[in-house]
Amino acid sequence: MKTILITGGTGFIGTNLCIRLLSEGNKIICVDNNYTGRIENIKHLLTHPLFSFIHHDICTPLHIEDPIDQIYNLACPASPPAYQGIHAIQTTKTCILGAINMLELAKKHQATLLQASTSEVYGDPEVHPQVETYRGNVNPIGVRACYDEGKRCAESLCFDYHRQEGVDIKVIRIFNTYGPYMDPNDGRVVSNFICQALLGKDITIYGDGSQTRSFCYIDDLIELIVRVMNSGKDFTGPINTGNPHEFTVKELAELILQKIKTTSQIIYTKLPADDPTKRKPDITLAKTRFRWEPKVPLLEGLDPTIEYFKSQIHLFKN
Ligand code: UDP
């Protein structure tokens, strides 16, 4: 049994990780300020004897005296509508101050820290598919920069703490992921399209829908994240974590319309600024080092996701 601290533990990936690691008999300390995470996600875990929840913003230091073996640093608003606009400065603070505070905690406890980085570090990529060695094409003054540059700086902090302080780190770059416990109101493409279809509302494609994303089912992602965390000290990453099967946004809309009987029509609206035109991970490193490949194709993973959103549809506001 390990003691594992998960920041962002009430968010989409955090909740799924809490459930998985708790089911394996670990002691879980879930930390979140519930800014974009949802306490409802972990309500069913609160009575578990090995689970505890700390309401805390990682922009301020977190003091824990009991030993900690591992820290998954997932906390950050992650959907473009959540991290842009009024939350932009908070997003940068969470990435940078949050990383410093969690790295300090990892140093104190000699714990391994896994940092959730993102495919956004590649910006609007000129290399396709994206390999870990690609340094990216980020607009440092654009509306997505708070997240992209925040995550890039968090990566650099991890490597400096590793080099200067000997902290055991793992950096993963998460590509688009979907599945149960996504927030119906996070404004992302999968949640928007499914909820719109369930409610018979217009399906809002931004731009002409030719931009691509590669969607990974949550269980596949969690499996790889856990393997990376438990890898030898020699492995720091960065490592791409995602499904390389690429779809246009229009194809995704059509797939969802095939699965949900609805009166919804597709409409085309303005493309947000700096929206990457394509995205697809090169997963050679995950395949060779971790013998990992995603098992759940989009067509299959959409079913449990749609079922989940049916149970949450009363919350959908868009
Ligand atoms: N998108 C869309 N309609 C929506 C929400 C998003 O067409 O209602 C597009 C968005 O412009 C982007 C892609 O879908 O090109 C993925 O967007 P998401 O916000 O899910 O994540 P991103 O990959 O941009 O971080």
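Counting convention: from 1, in listed order, for ligands and their atoms alike.
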Between the side chains of Ser119 and Gln130, does any donor sit under 3.5 Å from an acceptor?
no
At under 4.0 Å between heavy atoms, what of Asp275 touches ligand 1? The answer is side chain
Is Asp234 salt-bridged to Arg289, cutoff N-O under 4.0 Å?
yes
Does Pro272 come within less than 4.0 Å of ligand 1, judged by its heavy atoms?
yes
Suppose we measure from atom 5 (C) of ligand 1 to each protein heavy atom; which comes out shortest, and what is that distance?
Tyr206 CE1, 3.3 Å
Residue-level breakdown please: for Arg188 versus ligand 1, do any non-hydrogen atoms fall below 4.0 Å on the side chain, on the backbone, on both, or on neither?
both
If the cut-off is 4.0 Å to any non-hydrogen atom of Glu120, which atoms of ligand 1 fall inside it?
25 (O)
SB check Glu104 Lys108 (cutoff 4.0 Å):
no
Carboxylate-amine/guanidinium contact Lys280 Asp282, below 4.0 Å:
no
Test item: Glu132 and Leu285 side chains (from C-beta on) under 4.5 Å apart, heavy atoms:
yes
Specify the protein heavy atom at minimum distance from atom 16 (C) of ligand 1: its residue, its atom name, and the distance to 0.1 Å.
Arg213 NE, 3.6 Å
Ligand 1 versus Asn192: contacting region, heavy-atom distance under 4.0 Å:
side chain
Does Tyr147 reach the main-chain N or O of Gln84 with its side chain, forming a donor-acceptor pair under 3.5 Å?
no
contact_flag Lys270 ligand 1 heavy-atom lt 4.0 Å:
no
Proximal atoms of ligand 1 relative to Ile205 (non-hydrogen, under 4.0 Å)
7 (O)
Do the side chains of Arg213 and Asp275 get close enough for a salt bridge, i.e. N-O under 4.0 angstrom?
yes
Considering only protein heavy atoms, which is closest to atom 13 (C) of ligand 1, and at what distance to one decimal place?
Val249 CG2, 3.8 Å
Does Gln196 reach ligand 1 with a nitrogen or oxygen that is under 3.5 Å from one of the ligand's nitrogen or oxygen atoms?
no
So which heavy atom in the protein is nearest atom 3 (N) of ligand 1, and how far is it from that ligand atom?
Thr204 O, 2.6 Å
One finds that the ligand 1 atoms under 4.0 Å from a non-hydrogen atom of Gly187 are 5 (C)
Identify, for atom 18 (P) of ligand 1, the protein heavy atom at the shortest distance, and state residue, atom and that distance.
Val189 N, 3.9 Å
Is Glu155 salt-bridged to Arg173, going by a charged N under 4.0 Å from an acidic O?
yes
Residue and atom name of the nearest protein heavy atom (relative to atom 9 (C) of ligand 1), distance in Å to one decimal
Gln211 NE2, 3.8 Å
Could you identify the single nearest non-hydrogen protein atom to atom 24 (O) of ligand 1 and state the distance to 0.1 Å?
Arg144 NH2, 2.9 Å
If you measure from the Lys or Arg side-chain nitrogens to the Asp or Glu carboxylate oxygens, is any gap between Glu24 and Arg20 under 4.0 Å?
yes
Using distance alone, decide if ligand 1 has a nitrogen or oxygen within less than 3.5 Å of any nitrogen or oxygen in Asn176.
yes
